[in-house]
Every structure is written in structure tokens, then in C-alpha cells.
Chemist: 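Here it is, the structure, as C-alpha cells.
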Amino acid sequence: GQDATNLTAFGLTIEGVWEPCDGYGASTEGLLIGLEERMDVSFAPILKGPSWQNSHPSAARLAAQTTPARCYLTYRSVAQNWDSMITYRPGSKRILMTMFEGTKVPSTWKERAEHKINHLVVPSTFCRDVFKADGWQVPISVIPLGIRSDIFKYAERTLPTNRPYR
């Protein structure tokens, strides 16, 4: 069979928020723009935010495509209603891209999502280690989000040892 990590062989549908003024929505748009030049990609909006009409033209064009993919990437915060947003599709791969900026993932996240996905993608090794420590059994990959290093500078920080980091 084909290697599941070679998404160009499968076609990819990104499911995410259609809202350029939201962090997840802007990142979804960035994924669409970056991937559309490299592979067969379509966009399945999970929900439209109040400013969705201000999206990049690629988002509207890709949302109009209805070609079913063999791989679906859901880019969403787990805190929102995943039960209705992650749909099982027989014969397809399901990837979840999310993050958690604390030292303990809420227990409901794993219960609501892990059994519905084949792979988890997070933006940092910190997030990967937090999900692994929480016992997630699916493969976890790190794909960093784009950072404007000319604006944002790295600063070493010490995590608190006497309480959870939130």
C-alpha cells in the first residue's frame, strides 16, 4: 500500500474554522495557502466566524471543492465541541492538529478525540511531551506553526514546580 505519511498520494481535506480574525482560523487559512501549491487540498469549514467573508480568496475557492479526500486534517481546539466535529469516515485517515499550553491535558480531551483519529499533530515538542505523558496512544508528530522571528524572540522560561503551569 501507499505510505500514509505521503499525503499527496491521498488528497487532503482540511477541516477548520473559517474565521481570519481567530487564531485557529488564521492558522487554518495559512495551512490552506501553504499546501495548495504542493498538493491536492480542499477546505471543509467546521464553522464560519463573523468575519469569514474577509478570508483569503484561496479559502473560498478550496471550500467550494467537494472532492472527497482519503485523508482529513481537523485543526481545532479540543475545548470546543469535538463530538460533532470529528466524523468517522470509513477508509480515510483522520489527523487532528491541536495544542495545549499547560502541563496536564484535560481528561475529557482524550475521551472525546483519541478513538476518532489515526494521528495527532502538535506545534511543539512541549505539546508532544504533554500529550504523551497523558497517555495518548496514537502517533504524535511535531509540525511547528510559522513564527515571525523578526518580531517574536525566544526567551528561556522556567516552569513552576509547585503548581501546574496554566
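This is a predicted model, so every value here is computed, not measured.
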Chemist: How far does OG1 of Thr125 sit from NZ of Lys132, to the nearest 0.5 angstrom?
Modeler: 10.5 Å

Chemist: With the side chain counted from C-beta on, respond yes when Val138 and His119 share a heavy-atom pair under 4.5 Å apart, and no when they do not.
Modeler: no

Chemist: Less than 4.5 Å apart, any side-chain heavy atom of Leu62 and any of Val41?
Modeler: yes

Chemist: With side-chain contact (heavy atoms from CB on, under 4.5 Å) as the test, would you mind laying out the steps for Glu114 and Gln137 before giving the verdict?
Modeler: CA-CA 8 Å; Glu114 189 181 36; Gln137 298 298 309; 3.6 Å; yes

Chemist: Is any side-chain heavy atom of Phe43 closer than 4.5 Å to one of Leu31?
Modeler: no

Chemist: Looking at Glu29 and Ala59, would you say the former's side chain and the latter's main chain have a donor-acceptor pair under 3.5 Å?
Modeler: no

Chemist: How many angstroms lie between atom CD1 of Ile140 and atom CG of Leu96, to the nearest 0.5 angstrom?
Modeler: 10.5 Å

Chemist: Could you pull out the closest heavy-atom pair between Lys116 and Arg94, with the gap in Å?
Modeler: O-CG, 3.1 Å

Chemist: I'd like to check the salt bridge (Lys or Arg N to Asp or Glu O under 4.0 Å) partners of Asp134; sequence neighbours left out, ordered by chain and number.
Modeler: Lys104

Chemist: When you look at Leu12 and Met39, which way does the side-chain contact (heavy atoms from CB on, under 4.5 Å) test go after all the steps?
Modeler: CA-CA 8 Å; Leu12 175 67; Met39 63 186 300; 3.6 Å; yes

Chemist: Is the closest side-chain heavy-atom distance between Phe131 and Val122 below 4.5 Å?
Modeler: yes

Chemist: Could you check whether any side-chain heavy atom of Tyr72 comes within less than 4.5 Å of a side-chain heavy atom of Lys93, counting everything from C-beta outward?
Modeler: no

Chemist: Could you grab the distance from atom CZ of Phe100 to atom SG of Cys127, nearest 0.5 Å is fine?
Modeler: 9.0 Å

Chemist: How many angstroms lie between CD1 in Ile95 and CD in Glu15, if you round to the nearest 0.5 Å?
Modeler: 11.0 Å

Chemist: Taking side chain as C-beta onward, heavy atoms only, is Lys110 less than 4.5 Å from His115?
Modeler: no

Chemist: Report the C-alpha distance between Ile14 and Thr28 in whole Å, list the side-chain angles of each, state the deciding distance to 0.1 Å, and finish with yes or no for side-chain contact (heavy atoms from CB on, under 4.5 Å).
Modeler: CA-CA 8 Å; Ile14 295 178; Thr28 299; 4.0 Å; yes

